Amino acid sequence: MNELAGKHIVLGLTGGIACYKAAELCRALIKADATVQVVMTAAAEQFITAVTLQALSNRPVYDSQWDSREPNNMPHINLSREADAILIAPCSADFMAKLLHGRADDLLSLMCLARPLEKVPLLIAPAMNREMWSHPATQRNLIQLQADGATVFGVGHGDQACGETGDGRMLEAQELLEEVVAFFQPKILLGQHVLITAGPTYEAIDPVRGITNRSSGKMGFALARAAREAGAEVTLVAGPVSLAEPRGVRRFDVRSALEMAQAVEGAVPAATVFIATAAVADWRPALAADKKMKKDGSGRVPELSFVENPDILAGVAKSPRARSRQLYCVGFAAESHDLLTNAQEKLLRKDVPLLVANIGPETFGRDDNALLLVDAHGTQDLGRDSKINLARKLIAEIASRLKAGEPKNEN
Ligand code: C5P
């Protein structure tokens, strides 16, 4: 994926055992098509060598403000002017304190102070022992750094190198990559609260058997990520899927359609956008047996009878907030044939302003998809692409409809 194409990142390493993760991060940034200039403090070089980072970034590492390789002998100016962001990962407690005071007695802190504030954002990935992290001085510094305009990513929780357990671990390389990519996305849904259903539902027949479908949840999870990248608050109601939720998203796990309906009902009052991507089972067994149904050898098969599940999307679309467009509803249609006809019929039946159609067998479980937007005015083909790119396109479309106050297809 070329999510950071054209971006030049100064990756600053300060002293901490999490430097070993910075090597992986450097690689991840490069794989995302960024160019990376590594700058290390003397303390960082106690943990990992410049050779490793030079090999991974394919550029000489800088570690001194007296570096004579620069013709004007001003690496702090030259390196900071060409950056799209300075990312400090790991950022030690000491380095946070230093940044806060505007101290500049090594190349990295000097660059942070000398960078043009408006053009070169400062991104900080803290890494330290849990006591250092929770110390009032560090927490105070964190708040002040944010007030000074820095973006401070969260920390992980778990085992620490010192043998203690708690908050303060540096985020993993993939998590930081996700944060950096999100940072550069336009914040077109700022102030919105997006509620998304995703994945299949599971309707129990007995304690060990049930009815489900092939939805993987990938499209809904990609939308949750894209909405969060766009600055929205995101609530994700997920059926049984084996996917990690995107960073910064509130997730509720449910199993059945009834559980999904209940979770959605609880989240709807705060939402301003509802995107129903879940493949909700249309019917559930009328009565789930409380013990496993047994074969008795007679050849008789159990007779299952079904009842219809509530239509979550149609229910939400009828609510007064949806009717008055305080809640913008988007439905999905997974079809096997006659995509447009079926989608148009569903648009009317669900009474939503926008319906997104795709071919079920060509999307379930895959990382790519093809989407067709259908509204009262016409259609718009978003084409075939990765699910995350399609999710970004759909979020941009929803944002522009919210801004314009109304839908717009004219094909
Ligand atoms: O009726 P159908 O399942 O084809 O409609 C698909 C759309 O309706 C999707 O957006 C899906 O999430 C939503 N839906 C729902 N509750 C149901 C059935 C479908 O929210 N019981």
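Remember, predicted model here, so these are calculated numbers, not experimental data. Counting starts at 1 for both ligands and their atoms, in listed order.
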Counting non-hydrogen protein atoms only, what is the nearest one to [atom]? Give residue, atom name and distance.
atom: atom 1 (O) of ligand 1; result: Lys350 NZ, 2.9 Å
atom: atom 10 (O) of ligand 1; result: Ala276 O, 2.6 Å
atom: atom 9 (C) of ligand 1; result: Phe332 O, 3.0 Å
atom: atom 4 (O) of ligand 1; result: Lys346 NZ, 2.4 Å
atom: atom 3 (O) of ligand 1; result: Asp282 OD1, 3.9 Å

Subject >> Close-contact set for ligand 1 against Gly331 heavy atoms, below 4.0 Å >> reply: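 Listed by number with element, the hits are 10 (O).
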**OP:** Mark up the atoms of ligand 1 that fall under 4.0 Å of a heavy atom belonging to Arg349, in ascending order.
**Re:**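 Result: 1 (O).
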Evaluating non-hydrogen atoms only, which member of [options] is closest to [atom]?
atom: atom 21 (N) of ligand 1; options: Ala257, Ala333, Pro310; value: Pro310
atom: atom 17 (C) of ligand 1; options: Val356, Val280, Leu313; value: Val280
atom: atom 12 (O) of ligand 1; options: Ala281, Ala317, Ala278; value: Ala278

Original post:
In this structure, which one of Ile275, Thr197, Leu313 forms a side chain to side chain contact (heavy atoms under 4.5 Å, CB included) with Phe332?
Top reply: Ile275
Original post:
When only distance counts, is Thr197 in polar contact with ligand 1, meaning an N/O pair under 3.5 Å?
Top reply: no
**OP:** Flag Ile312 as yes when one of its N or O atoms lies below 3.5 Å from any N or O atom of ligand 1, and as no otherwise.
**Re:**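 Between Ile312 and ligand 1 (N or O atoms, distance only) the closest approach is under 3.5 Å.
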Original post:
What are the two closest heavy atoms between Gly383 and Leu390, and how far apart are they?
Top reply: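 Scanning both residues, the minimum pair turns out to be O-CD2, 3.5 Å.
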**OP:** Go through the structure and list residues passing side-chain hydrogen bond (donor to acceptor under 3.5 Å, both in side chains) with Asp367, not counting sequence neighbours.
**Re:**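 Scan of Asp367 (side-chain hydrogen bond (donor to acceptor under 3.5 Å, both in side chains), adjacent residues dropped) gives Lys218.
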Subject >> All side-chain hydrogen bond (donor to acceptor under 3.5 Å, both in side chains) counterparts of Asn141, not counting sequence neighbours >> reply: none
Original post:
Is the closest heavy-atom distance from Glu335 to ligand 1 below 4.0 Å?
Top reply: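 Heavy atoms of Glu335 never come under 4.0 Å of ligand 1.
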Answer yes when [X] and [Y] have at least one side-chain N-carboxylate O distance shorter than 4.0 Å, and no when they do not.
X: Glu175; Y: Arg169; value: no
X: Asp253; Y: Arg251; value: yes
X: Arg250; Y: Glu233; value: yes
X: Glu178; Y: Arg228; value: no

Subject >> Side-chain (Arg321) to main-chain (Ala271) donor-acceptor, under 3.5 angstrom >> reply: yes
Original post:
What part of Ala279, side chain from CB on, backbone N/CA/C/O, both or neither, has a heavy atom under 4.0 Å from ligand 1?
Top reply: neither
